[in-house]
Every structure is written in structure tokens, then in C-alpha cells.
There are 2 protein chains.
Amino acid sequence: MINKQLKNSILQFATPSDETFEEFNDLLEYREINKKEFILTKGQNCKHHYFILKGCFRSFFINEKGTEKILNFGIENWWITDYDSLTNLCPTNLYIQAIENSQVLCITKENMDKALNHSLEMNRYFRIIAEKVRIADQRRMYYMFNLSGKEIYTMFCEKFPEFVQRIPLYMLASYFGLTPEFLSKIRGNG
Amino acid sequence: MINKQLKNSILQFATPSDETFEEFNDLLEYREINKKEFILTKGQNCKHHYFILKGCFRSFFINEKGTEKILNFGIENWWITDYDSLTNLCPTNLYIQAIENSQVLCITKENMDKALNHSLEMNRYFRIIAEKVRIADQRRMYYMFNLSGKEIYTMFCEKFPEFVQRIPLYMLASYFGLTPEFLSKIRGNG
DNA sequence: TGTATTTCTTAATATAGATTATTTTTCTCT
DNA sequence: AGAGAAAAATAATCTATATTAAGAAATACA
């Protein structure tokens, strides 16, 4: 039987048949990932999509100066991967790491292609997921262009309190493109 | 008959039947847009996807200080729209404007939904398009985090010379999140 | 062909946020 | 509970880029 959480995620946007659900289920693998463990590191070819059942991940790269720059967080019911490496079959620049002890369902690119080959509804689901991510990216760009460091932090605390609670401040700073010191200063000045 | 350019774009990623192509064609409208003309302005609900046959567009917003901030450019064979406003049926914050005299094929959200309702291949095409955009966004984020103003400009000139030729410098500056003055200085110092 | 508008450059000054170094607090694990 | 590690705060200094203002090229357009 397909995992209930994933089924609900899919049913938000698409209506595959029971058969399609079960076929998709057969392509998935359950994994537990410990806090700080990596599911992807620089230089590897990214092979999987990950659906987060429980826990929290971050994807980041390390710049020339050795500083971590976070591109994305992922929490329950989100998909996380490096699309660039996955679709272009090239080595990734990214690290994807568990921030908490986590549980995921993972699926290889090949199996994903299989699932997408004959199901309109699965194509619809992943199309809509990609469009949602696109919207999130656009909003993020909008914020980063439009707001000062302080405003970004304030906005984020309002809109995503669940992230602020569970993610260390220095990771949030990295996600906003700020230094932890500066974010700490912002916080101090109310 | 469906437009050749659009057909080729679709065939890159999907293989709809001739019938599906023709059905899709019936949902499209051809429009010519003059340089500086807007196809979307702040406050409107975005109603269309636009496929660019010829010309060049920019999507931007105007911040509190009255400065234009460019989120994206679009050229031949790209789709452009405000996905956020379109899918969430809310007023847009963006302007989409022709940078050159242009020709587009446009399709309403309703017609797009129709096309996507019964064609696996069209779902596949738009899924892959969304994934490509996602990758482009991620790369952009990567550059903006990792590179100085000068490095961004140099990289962009190398990777997208066709944009640098046809788009005014002050618009590129806005796209990079820099001021035109600073970009001009960068350029001057070789 | 000349005038207006748009685009680009230069230069002086200002500032948001980075860097570096130190200290304090909080978490984690035995 | 206590030691060590991880995370956060504080503060001084520095720097990349913004801002403002003026003028020079380039382009469009009448």
C-alpha cells in the first residue's frame, strides 16, 4: 500500500487510479536519515528524488571562501533533490543534508521516468509541484531584491514560523544571504 | 496548422499526436506587441501564458523607492507569464513589457487547463518546461550568492551573449540586482 | 538634419552588510 | 551533572555597492 502522506500530497493536485498509485509505490524506497547525514555531496551525480515523510533538510553549496550558502530547505511533504544534476546527468555542486533525524521515500530518476511514461496524472502532479516551486523561487527573488536584511528576517518569521523554530539561526542567515553576525545584530536591535 | 516554432519546442520534450497538436492550436491566439507595450501590469489578474515567437520581454516589479527590479527576461521560444498570479488567481505585482517589437502566441489559463486535462504529452511538455525554469532559477540563485557584481556580469556576457547584445545595460543591471552606475563602473575598469 | 529622449559614464559621498576576533549561551552526549 | 562542542551575541573595523548629481553619447523621431 502506498504511503498515506505521499498519497495525500498527490491527491491535492491529481487523481491517479489505485493501480497507478500501487505501481508508483513499487518504485519507492524507504530510508531513514540521521541528523547531519548527507544524501548528496558535491561531485556526485544526483540519482534520486526524495519525498520527506518526517524531518528537515537543507541544500547548500560551499563557496570559494569556504562559506556555506543555503539554497533551499525542505520539510514534511516536500520533494527535495538537485534537479540540475538529476536532469542534466552532471556532477552536483550541492550538498543535501538532514537537519533533523528524518524519514524519506526516495525514487531514482529511471523509476521516475517510468512512472511518468504512462501516467497523465503523475505528470500532472509533478508538473504542478514544479510550478509551485517556481512560484516560491519567484517570491524569494522578489523578497531578496526588495527587502533589506532586517525586513527579510521579519517577513520570514511571520510567514514561516515553523521554519524559524526548528532551523538554527545561522542556517537562516545563510538562506537569506546574510552572515550570522549580521542577523544576530538585526535581532538584537529589535 | 500549429505554428512550426511552437511545434518544435514541444517536440524537444514530448510527442503529442497530430490531433493533440491541432487541438492545442485551436486554443491559441496570435498577437503582436509593440516595443514598450505591456502585456501585464500591476494589479491585474494574469490571465495568459505567452509563447514568444519573435522579440524580447522583461518581467519586473517596482519597489517602494520607485526602482524597477527585473525578475526575468524572455526571448524567442520561451514561455513567459506570472505563474503566481495565474495559478493563485490573485492580482499581480509584476509588469511584463516588450523590450522589442514582438510576436506571441497566447493561451488563457482556462484553455491551458483544457489542453492539460486529457493529454499526457502536453503535461509532460509543461512539466519539463517548469523543471527547466526551476533549474535556471537555481543557477541564478547560485550566481547571485556566489559571485561579486563584476563576476556576475562577466559570467553573463559569456553564457548569454545574445541577451547582452539586445538588452540595454541598465536592464541587465536591474536583473543582476546592481545599479546601472555600478555596472558601468565595472565595465570601465575592464 | 536637428532636437528630444533614452542610455551610458564619471566621480564624490554614503551605507548596508561583511569580516574578524572574543565572549557568552545553549546543546549534546557520556 | 559536567565537559566539550555547537550556536549565538557583541563590537570594532572594513568594503562592495548604493546614492546623488552632472554631463556625454547614442538613438529615435519629426
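Keep in mind it's a predicted model, so treat the numbers as computed, not measured. Within every chain, numbering begins at 1; the chains are lettered A, B, ... in the order of the sequence lines, protein sequences first and strands thereafter.
- Between B:Trp78 and B:Phe51, the distance separating the two ring centers is not shorter than 6.0 angstrom.
- Between B:Trp79 and B:Phe126, the ring planes are perpendicular. Angles over 60° get that label, and only those under 30° would be called parallel.
- Every residue was checked against the ring-ring contact (aromatic ring centres under 6.0 Å, His included) condition with B:Tyr153, not counting sequence neighbours, and none meets it.
- Taking atom OH of residue B:Tyr170 and atom P of nucleotide D:dT27, one finds them 14 Å apart after rounding to whole Å.
- By the 30° and 60° cut-offs, the orientation of the rings of B:Phe160 relative to B:Phe163 is perpendicular.
- Nucleotides of DNA chain C that come within less than 4.0 Å of any heavy atom of chain A span, from the 5' end to the 3' end, C:dG17 to C:dT28.
- Here side chain to side chain donor-acceptor pair (under 3.5 Å) pairs that include residues 167-178 of chain B, with residues two or more places apart or in two chains, number zero.
- In this structure, the side chain to side chain contact (heavy atoms under 4.5 Å, CB included) partners of B:Lys159, at least two apart in sequence or on a different chain, are B:Tyr143, B:Met155.
- Among residue pairs with one or both ends in residues 8-34 of chain B, none qualify as ring pair (Phe, Tyr, Trp, His ring centres under 6.0 Å); sequence neighbours excluded.
- Contacts of residues 60-75 of chain A with DNA chain C (heavy atom under 4.0 Å): A:Lys65.
- For DNA chain C, the neighbouring residues in residues 172-184 of chain A, judged by any heavy atom under 4.0 Å, are A:Gly177, A:Leu178, A:Thr179, A:Glu181, A:Phe182.
- A side-chain hydrogen bond (donor to acceptor under 3.5 Å, both in side chains) with A:Asp82 is found for exactly one of A:Thr87, A:Thr92, A:Asn72, namely A:Thr92.
- Rounded to an integer number of Å, the gap from A:Ile186 CD1 to D:dA9 P is 12 Å.
- Take A:Asn88 and apply the side-chain hydrogen bond (donor to acceptor under 3.5 Å, both in side chains) test, not counting sequence neighbours, and it matches A:Asp84.
- Shown here are the side chain to side chain contact (heavy atoms under 4.5 Å, CB included) partners of A:Asn45, two or more places apart in sequence or in another chain: A:Lys47, A:Pro91.
- Under the side chain to side chain contact (heavy atoms under 4.5 Å, CB included) criterion, B:Asn111 pairs with B:Leu27, B:Ile107, B:Thr108, B:Lys114, sequence neighbours left out.
- One can place CD1 of A:Ile99 at 11 Å from P of D:dA7, the figure rounded to the nearest angstrom.
- A 4.5 Å side-chain heavy-atom check between B:Ser9 and B:Tyr125 finds at least one atom pair inside the cut-off.
- Counting only residues at least two apart or on different chains, the ring pair (Phe, Tyr, Trp, His ring centres under 6.0 Å) pairs with a member in residues 83-114 of chain B are B:Phe38-B:Tyr95, B:His49-B:Tyr83, B:Phe60-B:Tyr95.
- The stretch residues 155-168 of chain B has no heavy atom under 4.0 Å from DNA chain D, so no residue of it qualifies as close.
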